[in-house]
Amino acid sequence: MPDKREPHHSHDKGYKQLFSSKRAFLELLKTFVHEEWTKDIDEDSLVRVEKSYILQDFSEKEADIVYRLKTKGNDVIFYVLLELQSTVDYLMPFRLLLYMVEIWRDIYNNTPEGERERKGFRLPAVVPAVLYNGANNWTAALHFKEILAGYRQLEEHVLDFRYILFDVNRYDVEELYQAANLVASIFALDQKMDAGELIRRLRKLAGGLKNLGGDEFRQFATWLSHVF
């Protein structure tokens, strides 16, 4: 399936700009991923991977956002791959797999031969995630195995992973208000609504936005300029 998104979609540009900030990316994980490992990371442990991972089979589609992370007090390094999506892509599990393989291939090729041939050599884990802000429900498979024919009969033998889904329009707006941070405020304004509701939400968020730091407020303004 070709990628139907425009290469410079305004939401993509806005979110790419936003999550180029380590603080905003960390806020996304800690606010919306309720898993133990997110408690053990901080801003200092995040490194944005600037390298491009391009898939020729997807019209030279480039991976959107990749971070390298390390948990506190632990030498285990892993990666988070975040894809930005405004339409449902039913081949998303396959596309994520290809990006994951490209990350591993790059690490393997840049590891000295003597080191990678040792018994204890391990490739880092890659945690795939999708940020989706489309109005319709996300109906693509969340598990990779679900796009494989006959996986139920062969379940113990087939490759599988489940990616994290940030579904902007499915978050409860009151919970977004309660989070009272930059990313939650942007999600509250990015949900599908009429102009009147947008004005109401801006007023509701005004108090919290005043508490943002200078850099965060500039990020918020930049996101608004891309989207509106």
Checklist entry - Taking the six-membered ring for Trp, are F78 and W37 parallel (under 30°), tilted (30 to 60°) or perpendicular (over 60°)? => result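 Perpendicular.
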Same hydrophobic cluster for [X] and [Y], using side-chain heavy-atom links shorter than 4.5 Å among ILVMFWY?
X    : Y    : answer
L96  : Y90  : yes
L198 : L182 : yes
V47  : I41  : no
L142 : Y132 : yes

Item to check | salt bridge (Lys or Arg N to Asp or Glu O under 4.0 Å) assessment of R105 paired with E102 | outcome: CA-CA 5 Å; R105 189 201 310 274; E102 285 304 309; 3.2 Å; yes
Distance-minimising heavy-atom pair for [X] and [Y]:
X    : Y    : value
V88  : A140 : CG1-N, 3.9 Å
P93  : A141 : CG-O, 3.4 Å
V173 : A188 : CG2-CB, 4.4 Å
N136 : R170 : O-NH2, 2.9 Å
F144 : L159 : CD2-O, 3.5 Å
T111 : R116 : O-NH1, 3.4 Å

With a 4.5 Å heavy-atom cut-off, do [X] and [Y] have their side chains touching?
X    : Y    : answer
W104 : P124 : yes
L69  : L29  : yes
F19  : V183 : yes
E83  : Y163 : no
L131 : D64  : no
I107 : Y79  : yes
N133 : Y15  : yes
Y99  : V66  : no

Item to check | Pair R48-F25, side-chain contact (heavy atoms from CB on, under 4.5 Å): steps then yes or no | outcome: CA-CA 10 Å; R48 173 81 187 275; F25 188 78; over 6 Å; no
Item to check | Verdict with supporting geometry, Y151 and E146, side-chain contact (heavy atoms from CB on, under 4.5 Å) | outcome: CA-CA 7 Å; Y151 79 88; E146 293 174 17; 4.0 Å; yes
Heavy-atom donor-acceptor pair, [X] side chain to [Y] backbone, under 3.5 Å:
X    : Y    : result
Q191 : Y171 : yes
Y67  : S20  : yes
D160 : K145 : yes
N110 : D106 : yes
N137 : T139 : no

Would you give the length of the straight line joining atom [atom1] of [X] to atom [atom2] of [Y], rounded to the nearest 0.5 angstrom?
X    : Y    : atom1 : atom2 : result
L91  : I147 : CG    : CD1   : 6.0 Å
L18  : I65  : CG    : CD1   : 8.0 Å
E115 : Y108 : CD    : OH    : 12.0 Å
H143 : E155 : NE2   : CD    : 9.5 Å
S45  : D40  : OG    : CG    : 9.5 Å
K70  : D42  : NZ    : CG    : 10.5 Å

Next on the checklist: Quick test of your reading: applying salt bridge (Lys or Arg N to Asp or Glu O under 4.0 Å), list the pairs with at least one residue in residues 194-203, sequence neighbours left out, ordered by first then second residue.
Outcome noted: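 Checked against salt bridge (Lys or Arg N to Asp or Glu O under 4.0 Å) - neighbours excluded - the pairs reaching residues 194-203 are E197-R200, E197-R201.
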Checklist entry - Which residue pairs pass the salt bridge (Lys or Arg N to Asp or Glu O under 4.0 Å) test when at least one of the two sits in residues 20-30, sequence neighbours left out? => result R23-E43
Next on the checklist: Would F32 and T38 count as a side-chain contact (heavy atoms from CB on, under 4.5 Å) here? Give the steps.
Outcome noted: CA-CA 10 Å; F32 298 99; T38 64; over 6 Å; no
Checklist entry - After noting the C-alpha distance and the side-chain angles of F161 and L97, does the key distance pass the side-chain contact (heavy atoms from CB on, under 4.5 Å) rule? => result CA-CA 9 Å; F161 62 84; L97 174 64; 4.0 Å; yes
Item to check | Polar side chain donor-acceptor pair, S21 to Q219, under 3.5 angstrom | outcome: yes
Checklist entry - So F166 and F187, ring-ring contact (aromatic ring centres under 6.0 Å, His included) or not? Walk me through it. => result CA-CA 10 Å; F166 302 102; F187 282 3; 7.3 Å; no
Checklist entry - Do other residues, nucleotides or ligands put more than 12 heavy atoms under 6.0 Å from F121 CZ? => result yes
